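Worksheet: one structure, shown below.
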Amino acid sequence: SGGSSEGSKGSDAGTEDVKQTITIFAAASLQGPLDDVAKAFTTAHPEYDIAPIDYDGSQALATQAIDGADVDVLAFASEASLDPLTKAGITDSSEIFATNTLEIAVAPGNPKKITSFDDLTATGTSLVTCASEVPCGQATDTVEKATGTTLKPVSEETNVTSVVNRVSQGEADAGLVYTTDIKAAGDKLEGVEFPESKQAVNKYPVAVPTKAKHAEGGKVFEKFLLSDDGQKVLHDAGFGAP
Amino acid sequence: MSTPVWLRGIAVAGLAVLVLPLAGMLTRVRWSTLGEDLLSPTTLQALWLSLLTAACSTLACLVLGFPLALVIARASARLAAVLRAAVMVPLVLPPMVGGLALLSLLGRSGVVGRPIFEATGLSLPYTTAGVVVAQTFVAMPFLVITLEGVLRTSGQGHEWVAASLGANRWRVLTRVTLPLVAPGLVAGTVLAFARAMGEFGATALFAGNSQGITRTMPLAIYTAYNGVGVSQDSALALSLLLLISAIVIVAGLRSWREEAVR
Amino acid sequence: MSTPVWLRGIAVAGLAVLVLPLAGMLTRVRWSTLGEDLLSPTTLQALWLSLLTAACSTLACLVLGFPLALVIARASARLAAVLRAAVMVPLVLPPMVGGLALLSLLGRSGVVGRPIFEATGLSLPYTTAGVVVAQTFVAMPFLVITLEGVLRTSGQGHEWVAASLGANRWRVLTRVTLPLVAPGLVAGTVLAFARAMGEFGATALFAGNSQGITRTMPLAIYTAYNGVGVSQDSALALSLLLLISAIVIVAGLRSWREEAVR
Amino acid sequence: MSTGARGTGATDEGPRSGGTTHRGSGLSAQIEVERTAFTVRADLTLAPGQRLALLGANGAGKSTILGALAGTVPLSAGRISLGEAATERVLDAPGRRSVPAHRRAITLLEQRPLLFPHLDLVGNVAFGPRSRGSGRRASRDLALEWLERVDLTDHARQRPYRLSGGQQQRVALARAFAAGPSVILLDEPFAALDAETVPRVRGMLDRELTRTGTTAVLVTHQLSDAWDLADTCLVLEAGRVREQASPEHLVTAPRSRFGARLAGFGAIEGETSAQGLRVEGVLLPGRPDPGSPPRRGVRALGIASPTDVELLPGTADASLASVPGRVIGVRASAGRVLVEADNGLIADVTTQRATEVAGQGLPVVGSRLGFAPRSLRLVGLDVP
Amino acid sequence: MSTGARGTGATDEGPRSGGTTHRGSGLSAQIEVERTAFTVRADLTLAPGQRLALLGANGAGKSTILGALAGTVPLSAGRISLGEAATERVLDAPGRRSVPAHRRAITLLEQRPLLFPHLDLVGNVAFGPRSRGSGRRASRDLALEWLERVDLTDHARQRPYRLSGGQQQRVALARAFAAGPSVILLDEPFAALDAETVPRVRGMLDRELTRTGTTAVLVTHQLSDAWDLADTCLVLEAGRVREQASPEHLVTAPRSRFGARLAGFGAIEGETSAQGLRVEGVLLPGRPDPGSPPRRGVRALGIASPTDVELLPGTADASLASVPGRVIGVRASAGRVLVEADNGLIADVTTQRATEVAGQGLPVVGSRLGFAPRSLRLVGLDVP
Ligand SMILES: Nc1ncnc2c1ncn2[C@@H]1O[C@H](COP(=O)(O)OP(=O)(O)OP(=O)(O)O)[C@@H](O)[C@H]1O
Ligand SMILES: Nc1ncnc2c1ncn2[C@@H]1O[C@H](COP(=O)(O)OP(=O)(O)OP(=O)(O)O)[C@@H](O)[C@H]1O
Ligand SMILES: [Mg+2]
Ligand SMILES: [Mg+2]
């Protein structure tokens, strides 16, 4: 599908027998699983092509979509990040296609012996979290509120990857990240589940802009994402069902 | 005149600040997969795109920036101060905000971009030209500020002589002014080129991140680095590649003057 | 000697490239909530932190960078080329990779940082000092490259005279070399300061993002911008604030020489 | 008058290439430029091919005038125009944009050589012809020819920083002439040249100016330069013209203090009387200058040739018509020995036995002696 | 010898402040510096307070020698040391790190004024004293005093770019002397000064050098400078010393071609015979120089004072012992008129009626005349 990148951003495919190329903007945290979904989709629907997916922060993607970027499918990491698009009339409806919950990330072997959410407040434990403005940070806030704990992170990162990296590199002792992140990090991280995470389930919405060039293809992809085939791939990556 | 020894000591410390982190980075590179990371077609595509766009935007910086620097250097003190402040704008903005600014001007919904898009269907964002615009916007101040400093230091005596020998302004500019400020011009060009090569924020926002079209090396690095589950290995490998190619090019650019000018 | 009219035309075009996007940005600012966004304590804290760290790192750049520039300017052509390439390193790296490099050297798990952390419990990341280090690393090349160009252009005649009048090297440096390259020094300092003020990537990665300690304006802007569902209003407002304060400071810095040096 | 009486003949050494003889432009200028201490004011009119020497003390305004003509120094008032009435081109005038330097066809050789550091000597000298449209080849040949004339062929391919000061000055001269201007302005062109080179180069330039008919303005501190090259001399003092004369006249009968000093004459101030000049109570013999005789009983200048001044062992002696003076300099040139006094007089002691004067050897700087001018030429102090 | 015979007395005008009289250092130097066309080689020995003049054509190597002494031009071989045997300080020698310029106590006044553009005149002149540890106040006072001596008090608070060329040169002079060096090197210090200022400044510097006993090396193209300031003259040609003599000797009896020209003598080459010099078949009367008599029958130089050369209307005339020459210059100074020929001779025509010679007016440049030297002084061509 590599050769089709031109058509995705350029003018509309001229003739009918040329494949429709679907353009997808997706949250950075979907990188990997969504590529797999896309591969499975093109196998199942050879009449479509998928341009290399643009992964970035939801906000950056939203800005671009509002500015009129040609995009057929938007897959974001939180419902709230779709709001500006809805307000701008770019999208009118969305579907939740995956969920994600927080988990405590620690270095392999759990050297600080962290077993619960409360352990995160222990002195001498350097914690990193997401900033409360971004989805994973909002989830962290929710948990904090629910448990009545006040965390004192040394840094509030603007994206999950930074949290993952800090912990996996040993720059921090613990971090709050998504289950999928820990799974994806393989043996570099160990996860510690905690029951309070159920208080804050993060929902991933998918939407097709009303004026998308290939709205029809977008809808087909959206449907595929919600189908069992799509869900299986996401589940394998650690995502929860919608 | 030789520099004092203790000054050289500080210089070495300064150099260490700049170079040692790179050495630190090398300790993290996973050499086993390096070749693979580097030689993939997408990597080479990103590198080529980076070089191409950086070259174009450096050229744009030169064409637009040299006259601007000249005007500032020759302006009255007051006007120069105002112009200099204006030039500083993109320098101070975090690049991402620069991208936002560009979008709000030239985007499809932008002040200038919208009428153009509606009339012709053409727009800059998400095109390679957009990358060049973003890089030019971000890199030009470096050229202008550097060059202005040198133009001021070099003075106008030789230019007057040239004019008095019958050289028109164009000739004075190309045969006298330019060669005389060559060291500063090279310095400014190198800065602008380097800045364009490393530009990330404004490009990501204004031009998007589309492989083969707008995904330059820094965006590729970002994408690799931020990819869930993808280790930093390929990000590091890509950084190394970016670094080496930039240094090779800059070294090739070194038409530095061998002797001090006067 | 006046500049040709058409050259001035190009200069205006160049200026437009730099300034118009800002004007575009202004169209997006929501003025009604501007005051509120700007005067919140967290904003002012971030601004203060930005100014403080940028000032410190500019100072560090000067102290370390001037000797380095001097050494390069006086070195043999070959050595100078090597040194210049080394200085270029942080310039070319996307700032995020620079942060990574700093972490791998000075982080708790870094080559140098680990033994220090293990021995003393002290480490640079998550501290304001870490921000200064990151900014210095990123901003210093601008100072060095700019200054070297000017030092080369200005030559050594006056330095020889001063030495022959009995001035030792320190005196030659402070009373002759420095004043003679003042325009370039100011240019370089302004570039470094601006770069430090706008620095985002390396800081975010190396020093983290903790309000009041490491969250400088660019990080605050980025955080605000990336806020889910929040419109870009406050990010824009913060950008405006950053811009204005930077320009005010830079204008205050303008000890530009009124006349060309010779 | 067009070309100098002394600058004739000798076209046999003209350049082998370099085009046809061209004629210089006439020039008319009323110059007014504000300077730190005073305003420089001068009216000049030059016929095509005329050559004017500007003489004057340091800071008198000579370079300022050249700069104004070349367009590098802006006028605060006045008017400069090139060519005769019919074909006049106004270069600078109140309320007009001044014509930029490169369109004036006036080449200024500045006081500093200001060679282009990035070009070799050929490149430097060929710059003018190239700028005025000559081909690459022709310009290079002309440059080589000019380098030969200033004896620098050996260094043709070197950069200027490898030349000595005098050699650089010679390149600057060659560069200015090679540009083939219709008016050339030379600011102390021979100051850095050695004693042997000066007359040779001066002679060569004289022939070149004659051959091409180029109009020239020459600033110099050496009367010999004016003598060899100029038709007319202007003596400037503090921005004002004090004397205008032919070189012959300036050499033989200067009428200003500075002119006198330049021509090697002594000058002493006093009050005119029927028989001469009264200085500190002593009457020195003298006659009014026929050109600008001062009235009787006013302050005036008495000018005397060194050979007309006798040195006496004692100091003042009214009967011998001698005034006292402290020796401030003893100079020798070409077998003559001159003794200079703080009273402004100079005595030639070549033919006087030194022992007669000071008792032993030459007079010593700082000693006090009597100076007896045998005949003073009296001029008014306020020559326009 | 220590101080010049001409530079004595007159301490009454010494500076009012400025410390006690200091003595200059002796200097001994074997210099070897590679230059583009040749290697400059010179051995110099200066006693404390001695003053040496370096004379020579453009590019002869004068500035190079000064640079080597000051430490701005690296030696390729040789050795420079300061002070007498017991207290000798080696500045440069093979295999040693050369002593940096600021520790040499040698101040070089370069050929260009190179004033500090960012300092006013006081700041420029006070730079040396400040660098050598004087207080701010004392340095300023000394600077003002020196500015007064070079007559620039009015401009004391101005930046150098607002000065004329000659004024800048005077500031540079003041700056160099105010630094109070024990050895001062002056590279054409008076080249840009006007005719009236030169002797005044020269006299002032002479007294200053005498008062302080400063050792000095002076580069100049004017013999009068050497005459007034120097004890010894070195004549350089293409990097080699061709003549060493006292100024008196150089003025009255130069022994090199360049020295002759400098002193205003004519010089013509020929073959020695018992009666004189044979040139182009004509025997010109002459006697061997007592100092360096050439052997008989070799190529030698015949040197003649202009007053000893008669100008004849015809050209060659063996019976009149005259050689032909084309006039390449006619110069006037202080009432004398000199005619220069391409054969190297100069004739003084002041006392000859011009009409007798050329039929009308003065001789014309380019015309061919006969030159009859009445007595040549013959010197060998290969003076060391
Ligand atoms: N750029 C300037 N601005 C203001 N005043 C100046 C400037 N340059 C020179 N002056 C002043 O103008 C006067 C005339 O200067 P100018 O250079 O014309 O003198 P000059 O006759 O050429 O002297 P010199 O023989 O020393 O070269 C001087 O008194 C000087 O102080
Ligand atoms: N930087 C340099 N490198 C190499 N050669 C040089 C350099 N500077 C001068 N030369 C050469 O060295 C020779 C001597 O130069 P120097 O400056 O000593 O001459 P000078 O006697 O001072 O002449 P002038 O009277 O013209 O000042 C010249 O022939 C010149 O070409
Ligand atoms: Mg002048
Ligand atoms: Mg010299």
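Please read these numbers as outputs of a predicted model, since none were measured by experiment. Throughout, protein chains are lettered first and strands after them, A, B, ... in sequence-line order, and every chain is numbered starting at 1.
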Query raised in the report: Taking atom types as modelled, is there a side-chain donor on D/R374 or D/S305 under 3.5 Å from an acceptor on the other?
Result: no
Query raised in the report: Would D/D187 and D/K62 pass as an ion pair if we require N to O under 4.0 Å?
Result: no
Query raised in the report: Looking at E/T64, E/D194, E/V198, which one has more heavy-atom pairs under 4.5 Å with chain D than the rest?
Result: E/D194
Query - Salt-bridge present (D/D206, D/R51; N to O < 4.0 Å) - result: yes
**Report entry** Choice from E/L193, E/T197, E/L55 maximising heavy atom contacts with chain D below 4.5 Å
**Finding:** E/L193
Requested in this report: Sort out for me which of E/A191, E/P254, E/S367, E/A57 touches chain D most, counting heavy-atom pairs under 4.5 Å.
Outcome: E/A57
Query raised in the report: Say you draw a straight line from CG of D/L186 to CG of D/L173; how long is it, rounded to the nearest 0.5 Å?
Result: 6.5 Å
**Report entry** Per-residue contact mode, D/R200 against chain E (heavy atom under 4.5 angstrom)
**Finding:** neither
Requested in this report: State plainly whether the residues E/R149 and E/E208 are in salt-bridge range, i.e. N to O under 4.0 Å.
Outcome: yes
**Report entry** Interface moiety of D/Q169 toward chain E, non-hydrogen atoms closer than 4.5 Å
**Finding:** neither
Requested in this report: Please look at E/S63 and chain D and tell me whether the side chain, the backbone, both or neither of the residue comes under 4.5 angstrom of a heavy atom of that chain.
Outcome: neither
Query - Side chain / backbone / both / neither for E/E196 at chain D, heavy atoms under 4.5 Å - result: both
**Report entry** Leading residue by heavy atom contact count with chain E [cutoff under 4.5 Å; candidates D/L262, D/T36, D/D225]
**Finding:** D/T36
Query raised in the report: By a 4.5 Å heavy-atom criterion (distance strictly below it), what part of E/R35 contacts chain D: side chain, backbone, both, or neither?
Result: neither
Query - Salt-bridge present (E/D228, E/R202; N to O < 4.0 Å) - result: yes
Report task. Heavy atoms only, distances under 4.5 angstrom: which of E/A192, E/G165, E/P199, E/S164 has the most pairs with chain D? Name it, please. Result -> E/A192
Report summary line: Honestly, the part of D/Q167 sitting under 4.5 Å from a heavy atom of chain E is both
Requested in this report: Could you tell me whether the side chain of D/D342 and the main chain of D/R326 form a donor-acceptor pair under 3.5 Å?
Outcome: yes
Query raised in the report: Charged N to carboxylate O below 4.0 Å: is that the case for E/E340 and E/R261?
Result: yes
